[in-house]
Amino acid sequence: MKTIHSLNFKNKRVLIRVDFNVPLDENFHVTDDTRIRAAVPTINKVISDGGAAILMSHLGRPKGPADKYSLKHILPVLNQIFGSECVHFSSDCIGEKALQAASSLPMGHILLLENVRFYAEEEKGDIEFAKKLAALGQFYVNDAFGTAHRKHASTAVIASFFPDSKALGFLMADEVTNISKVLADIHHPFVAIIGGAKVSSKINILRNLTDKVDHFIIGGGMVFTFIKALGGKVGASLIEDNMIDQAKDIIDKCKEHGVQVHLPFDSVCSDKFAEDGEIVTYPTNLISDGFMGLDIGKTAIEEFQSVIMQAKTILWNGPMGVFEMPTFQHGTREIANAVANATKKGAFSLVGGGDSVAAINLFHLADDISYVSTGGGAMLEYMEGIVLPGIAAIEETQPA
Ligand code: AMP
């Protein structure tokens, strides 16, 4: 891994791709600054070496410039961390304005560029756009693990303009080390807890893990496709009919490999996707018509807890229920507590994915988890064995 560890950035303008795609409330205040704080060690390294840090990021999914998605909303957090006297902002990420701001940036200072996704060229991986970004700095650092699985202009394509002057930041290096550790040095029992809305977005990781894990704990909306595949009655619960065969296939593969699949025995159901409906707990394979499962039930929690408490390696991606609604938060909270307790007993736990990390933060358990990844999709793809474009681009030596 080419990392910034042994480099010195004195008098260098360093372009850092960070992942400041953080949640904002209706007043544009940052509600979870985990990803910003995760980039601080790399920024500090550049400025304490006597260099200048030029930060690039996306925020949300804008279709062109939009105030709502402006990175200026991040400034209060950066000002608080680094002091407003050394934090600057450019309202464009390329062109004259950005060039002027970058070239006049004093060493030891930080320049935050406007959202790179205000240009459609960013997601297209446009080489001309990448060249314009590259013109702003003398060294390129990628520290945006959350977007490392994307071949975008600022995450991968830009690296070809820095054949001998590019590296991964501290966060990227940390992510890769910790995620690789799970795969390379598995202590058994290995329990993978996979939840969230859809089977379709988790199918590859499920497949990839069948020859590695001892137990799958499956929760969240994806449960019902598995239950239907096994002949159960799931009422109005979330279902992906086109994934039923794949769900059956996963169950068969698990049998072949001796992997135990734990589906929730019972589910907390409602007749509405809201907190004010009628709430009834049903066996997950016998849910009444008109009711949908929105959290795992008490029996399921007990079974899942006992499996987690025996684990030596734990991977968790995806909540157990609709944890954004307090009424359906209990299962996710109890599983989070169990992961934290197993970690205290010596298990290595890796939690990743926006919603699982949000849940861990909501329950104030981040310090009790071995490693909380800032990447969701990126973490899963890395675990699937896919070479992430953002990392590959740093290793390549071909100039643009
Ligand atoms: P993912 O991004 O695939 O990890 O999915 C996270 C989302 O799944 C969260 O917004 C949850 O509210 C949602 N979710 C979890 N359990 C259920 C469920 N039983 N029914 C519908 N949505 C769910």
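When a ligand or atom number is given, it counts from 1 through the structure's own listing order.
Scanning all protein heavy atoms for the shortest distance to atom 23 (C) of ligand 1 gives V322 CG2, 3.6 Å. Distance from atom 6 (C) of ligand 1 to its nearest protein heavy atom, with residue and atom name: D355 OD2, 3.2 Å. The single protein non-hydrogen atom nearest to atom 3 (O) of ligand 1 is A197 N, 3.2 Å, given as residue, atom name and distance. Among all non-hydrogen protein atoms, the one lying nearest atom 17 (C) of ligand 1 is G221 N, 3.2 Å. Protein heavy atom in closest approach to atom 10 (O) of ligand 1: E324 OE2, 2.4 Å.
Of all the atoms in ligand 1, the ones that sit under 4.0 Å from a non-hydrogen atom of K202 are 1 (P), 3 (O), 4 (O). Atoms of ligand 1 lying under 4.0 Å from at least one heavy atom of F224, given by number and element, are 19 (N).
Not one N or O on the side chain of K202 forms a donor-acceptor pair closer than 3.5 Å with the backbone of K198. Panel note: side chain E114, backbone S70; no donor-acceptor pair is recorded below 3.5 Å.
Looking at M292 against ligand 1, nothing comes within 4.0 Å, counting heavy atoms.
Taking a cutoff of 4.0 Å between a charged side-chain nitrogen and a carboxylate oxygen, K10 and D49 do not qualify as a salt bridge. Between K72 and D67 there is a salt bridge, with a side-chain nitrogen of the basic residue lying less than 4.0 Å from a carboxylate oxygen of the acidic one.
Taking CD of E303 as the reference point, atom CG of L263 lies at 9.0 Å (rounded to 0.5 Å). Atom-to-atom distance recorded for K166:NZ and F139:CZ is 10.0 Å, nearest 0.5 angstrom. Rounded to the nearest 0.5 angstrom, E324 CD and E275 CD are separated by 10.5 Å.
Distances from atom 20 (N) of ligand 1 to the heavy atoms of S356, G220, G293 show the closest one on G293.
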